[in-house]
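Scroll down for the structure; my scribbles are underneath it.
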Amino acid sequence: MDTTYKPAEIETRWYAEWEKAGYFAPADNGTPYSIAIPPPNVTGSLHMGHAFQHSIMDALIRYQRMRGNRTLWQVGTDHAGIATQMVVERKLAAEEGKTRHDLGRDAFTDRIWDWKAESGGTITGQMRRLGTSVDWDTERFTMDEGFSNAVREAFVRLYEDGLIYRGKRLVNWDPALQTAISDLEVENHDVNGHLWHLRYPLADGVKTADGLDYLTVATTRPETLLGDAAVAVHPEDERYRKLIGKFVTLPLVSRRLPVIADPYVDREFGSGCVKITPAHDFNDYDMGRRHNLPLINVLDTVGAILPEAECYDIGGKPRADIDTALPADYAGVDRFDARKKIVLALEELDLLERIEDHKLKVPKGDRSGKIIEPLLTDQWFVATEKLATDAIAAVENGDIEFVPKQYENMYFAWMRNIQDWCVSRQLWWGHRIPAWYDKDGNFYVGRDEAEARAAHGLSDAVELRQDDDVLDTWFSSALWTFGTLGWPEDTARLRDFHPTDVLVTGFDIIFFWVARMIMFTLHFMKNPDGSAQVPFKTVYVTGLIRDESGQKMSKSKGNVIDPLDMIDGISLDALLEKRCGSMMQPQLAEKIGKRTRKAFPEGIAPHGTDALRFTLFSLASTGRDINWDMKRLEGYRNFCNKIWNAARYVLMNTEAQQSNNVAPVYSLADRWIQARLQQCIGTIDRAFGQYRFDRAATAVYEFIWNDYCDWYVELTKPVLLDESADPALLAGTRATLLAVLETTLRIAHPFMPFITEDIWQRVAPLTGINGDSIMLAPWPAADTALVDEAALDDIAWLQAVILAVRSIRAAKNIAPGEPLKLILRNPSADDERRLAAQRLSLLKIARLNDIECVAAGTEIPLAAAELAGDLEVLVPMADLIDPAAEKLRISSEMAKQNKEIQRLTGKLGNAGFTGKAPAAVVEKEKLKLATAERALQTLQKQYDALPD
RNA sequence: GCGUCCUUAGCUCAGUUGGUUAGAGCGCUACCUUGACAUGGUAGAGGUCACUGGUUCGAAUCCAGUAGGACGCACCA
């Protein structure tokens with residue numbers, strides 16, 4: 001074995017071997033266990049969130065694989081509609097100064113395919129570096145042929161089931177990206193804006209109760225005035241009651257608007273009159289529906305004013321009874337310029353009453369960052385009501401469980417007021433909607449054009465053109481768990497591996513993805529008995545990985561840490577280039593540079609994949625974000641090094657030794673470490689069952705470092721270094737060193753796959769285990785028969801005595817190597833037995849040259865004293881003891897015991913406690929009291945024995 | 001506004017269904033080149049468990065409220 005641990009070399013070598021050997025593919029038999037990976041963007045790269053989630057999935061898969069289950073970790077990537085199209089558009093603009101329209105649809109999508117071919121391997125390469133044991137043989141892409149087929153199938157079936165419809169509706173329109181987006185893709189931002197109070201003159205000589213000839217309406221968007229269809233007041237508002245049914249004249253346009261009554265109007269807000277613009281505001285749209293108002297659209301798709309308004313009824317049919325003329329000087333003016341112009345014009349007409357500061361929420365596109373415009377357009381929608389009802393039931397009845405549970409509330413809340421889902425996007429990259437139009441605008445849905453023609457009896461002579469729009473990326477993602485397994489074909493993979501067992505994902509996509517997967521899967525996937533199938537039984541929701549001060553990691557903050565840089569290390573210069581190199585704003589770049597230099601003055605040292613993964617596991621407590629801490633990573637890198645060196649020790653002491661066929665005898669220490677190991681396995685099994693990877697990681701860490709390295713390895717030294725040791729005992733020690741290490745490697749493997757494999761390959765053969773890879777080795781079953789309670793107690797005794805001696809050494813400043821004589825006063829029969837069995841261990845590890853037992857009360861020379869339970873641990877050292885100081889120490893010790901005795905006496909004297917607490921608890925407290933009382937007596941005697 | 005979560009050692013976090021003298025890692029202090037490992041070893045210091053009240057024999061843990069923080073949803077033009 002190499003004297004130093006070199007993660008990079010080990011990790012790349014073993015991954016290649018595993019992949020070549022085909023270990024990631026599902027086994028031929030066993031109980032199926034499957035996980036579908038949340039497909040990362042095909043052109044994306046690995047970030048900390050991926051590293052976190054992939055590590056968790058990998059641990060689950062490796063654990064289940066070792067347990068003999070037939071594991072499938074389905075891998076694949078997502079075409080990520082808008083995101084990918086934007087990247088390529090930006091590239092095209094930067095490199096050739098062209099837009100996608102310069103190229104045309106086909107040439108542009110070819111460019112995207114080229115870009116995918118070029119950069120699509122980045123993330124899969126990074127996943128390999130992370131050790132993910134996904135089944136690469138069946139890797140999928142949401143736009144591969146089979147999956148595209150599944151998408152068309154799903155669309156057509158939903159349409160046939162009446163769950164997809166097309167219509168002219170008010171949707172969130174991104175004027176920059178020129179596409180509709182769903183409600184979820186809109187982010188509301190707080191801004192300080194204005195409220196313009198405008199006067200709308202009353203028509204026909206009507207006056208208000210106050211004798212005014214106008215109504216005042218307040219608006220945050222004066223430019224939408226051009227599309228107003230009514231003015232609304234509250235039905236019980238006395239001020240305006242008489243005006244209901246009368247008319248106002250819309251300024252600038254001279255359109256007659258009815259005054260309508262609707263309880264939605266807040267009488268307290270502004271004047272209590274609201275302008276209603278059904279084609280440019282969602283609330284007004286609803287009111288328009290209630291009052292059959294015309295939808296008057298005045299904006300085009302880039303957000304500029306139309307030369308002439310378009311008017312529809314609520315069903316989307318053109319409506320001819322409204323004058324659609326608009327003032328000529330606004331035509332083609334951008335919405336925000338038009339706002340200024342209109343305010344100015346109203347001011348000139350003395351129709352602007354006042355302008356007020358006003359805080360409001362502005363909707364922005366999550367991709368473009370531009371202000372979203374509610375716009376009346378023809379779109380495809382998924383009717384969600386029925387789907388959502390079933391999806392809610394599946395979680396309510398426990399078919400699907402969220403871990404942690406609290407996310408179910410969030411899921412329910414969203415599901416219960418879900419709106420129909422706009423699934424069409426005016427993009428070029430994605431699944432084109434399988435609908436064809438004739439010259440008159442009639443549409444025909446089918447799996448392909450031929451089917452659409454056949455279904456509707458259209459001859460080849462009828463000209464058809466496919467819908468230009470593509471589907472929302474999440475439409476295809478929603479089919480992921482079964483689309484990847486062969487659906488709509490009834491494949492063996494689908495039957496075997498669906499439903500999947502668990503979905504591991506971030507809470508940020510519960511609505512985007514998880515909820516929609518549940519809706520679609522319940523609709524499409526049926527069990528043989530006809531009942532609906534869930535996509536997964538459990539949703540394990542991970543927190544976000546934040547930076548060390550709790551900030552979200554983002555490029556603009558310059559606090560992103562690439563997981564690969566933590567694995568392989570990166571120089572400061574390279575890190576600076578990465579963070580600031582492509583920054584457009586030099587000021588920001590400077591700030592980030594400064595921050596980076598401060599945080600990583602020497603770049604980032606390599607830590608290896610195993611250390612990174614182990615850090616992620618140890619921080620993975622549920623329901624909480626993680627503040628990343630480089631120090632933790634260093635700690636677990638050290639842990640890897642510790643394992644490496646422990647293995648070196650074991651191999652050094654076993655590899656070269658010939659087995660001389662002696663029947664091994666197992667020492668107390670051997671039985672003890674076996675017992676501890678079994679307890680550790682039990683803890684890990686429980687932790688896996690609860691998705692508590694932090695607890696599992698802690699159990700592995702503590703067992704290896706505290707039990708195996710700190711105690712067991714030390715306990716083997718006296719035996720292994722003893723020339724005259726009993727060969728049977730030697731054999732037992734060597735066998736245990738190896739066997740426990742070998743098993744430990746297996747239980748650590750799901751968390752740290754590489755270092756465990758590398759060491760296991762050397763250790764396993766020495767234990768007589770033959771296997772190709774630790775990956776395929778069986779998961780150890782916790783064997784309670786091996787939990788030797790007596791050994792646990794005996795070693796605990798040994799540890800207590802050793803700790804007492806060390807404590808004396810430290811307190812008295814005695815060199816660690818200085819041999820000491822130990823006196824044990826007042827030993828019980830158990831103490832005597834334990835001493836006899838472990839005399840050698842005690843002598844060597846505590847570095848003693850003699851141990852003597854004396855009866856209680858025996859007078860001995862001045863000695864430093866400690867208590868190990870009831871046993872007095874004494875180290876005679878007349879010349880080092882200052883009786884006065886020692887008395888002080890003992891009396892403070894006695895004070896502590898007195899306090900404890902007082903506390904316990906009080907508690908036990910409380911009838912409430914003794915009467916109501918469980919007997920076991922009372923007994924425990926009594927025991928404590930007795931121990932404390934004995935300790936006090938012993939201390940008193942020690943005190944009295946000291947000279948004044 | 002509605003809902004969820006968080007507040008424990010200097011820092012990052014555990015604390016398994018109420019029963020300890022509240023733990024870990026890092027950091028800190030002192031000592032140690034002991035033949036696996038100085039990416040190490042040994043011994044320590046360090047906490048009124050945000051605050052207030054309640055339930056209970058017993059509260060870091062359960063309940064209510066207060067303060068601070070995070071997030072989700074919906075918002076009155």
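Just so we're on the same page: letters track the sequence lines, and every chain starts at 1.
- Using atom P as the reference point in both B:rC62 and B:rU4, the two lie 15 Å apart (nearest Å).
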Protein N or O to nucleotides 29-34 of chain B N or O, pairs below 3.5 Å:
none

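- Within the nucleic acid shown, A:N627 comes within 4.0 Å of sugar-phosphate atoms alone, with no base atom in reach, counting heavy atoms only.
- Between A:F614 and A:F639, the two ring planes are tilted [angle within 30° to 60°].
- B:rU33 and B:rG27 have their C1' atoms separated by 24 Å, with the value rounded to a whole Å.
- Nearest to the side chain of A:V265, among B:rU42, B:rC75, B:rA77, sits B:rA77.
- At the heavy-atom level, A:I510 lies nowhere under 4.0 Å from the strands shown.
- Each of A:Y540, A:F52, A:F751 was scored for a ring pair (Phe, Tyr, Trp, His ring centres under 6.0 Å) with A:F693, with one residue passing: A:Y540.
- Nucleotides B:rC37 and B:rA14 place their C1' atoms 27 Å apart, quoted to the nearest Å.
- Across B:rG69 and B:rU29, the matching P atoms stand 34 Å from one another, rounded to whole Å.
- Taking the C1' atom of each, B:rC28 and B:rG35 are spaced 31 Å apart, rounded to whole Å.
- To the nearest 0.5 angstrom, A:D281 atom CG is 8.0 Å from A:K275 atom NZ.
- B:rU8 sits 12 Å from B:rU48 when the C1' atoms are compared, rounded to a whole Å.
- Heavy atoms of A:E714 sit under 4.0 angstrom from at least one base atom.
- Evaluation of atom-type donor-acceptor distances gives a pair under 3.5 Å for the side chain of A:R695 against the base of B:rU16.
- Residues A:L612 and A:Y636 have side chains not in contact (no heavy-atom distance under 4.5 Å, counting atoms from C-beta outward).
- One can place OH of A:Y285 at 20 Å from C1' of B:rC75, the figure rounded to the nearest angstrom.
- Ion pairing between a basic and an acidic side chain is recognised when a charged N comes within 4.0 Å of a carboxylate O; A:R199 and A:E353 show such pairing.
- Rounded to the nearest Å, the gap between the P atom of B:rA50 and that of B:rU12 is 15 Å.
- Here the CD-CD distance, from A:Q897 to A:Q902, works out to 12.5 Å after rounding to the nearest 0.5 Å.
- One interatomic measurement links the two molecules: CZ of A:F511 to P of B:rC71, which rounds to 15 Å at whole-angstrom precision.
- Taking the P atom of each, B:rC49 and B:rU20 are spaced 16 Å apart, rounded to whole Å.
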Indicate every side-chain donor-acceptor pair of residues 356-363 of chain A with a distance under 3.5 Å to a residue at least two apart or in another chain.
from: A:E356; atom 1: OE1; to: A:H197; atom 2: NE2; distance (Å): 2.7
from: A:D357; atom 1: OD1; to: A:H194; atom 2: ND1; distance (Å): 3.3
from: A:K359; atom 1: NZ; to: A:N192; atom 2: OD1; distance (Å): 3.2
from: A:K361; atom 1: NZ; to: A:D190; atom 2: OD1; distance (Å): 3.2
from: A:K361; atom 1: NZ; to: A:D190; atom 2: OD2; distance (Å): 3.3

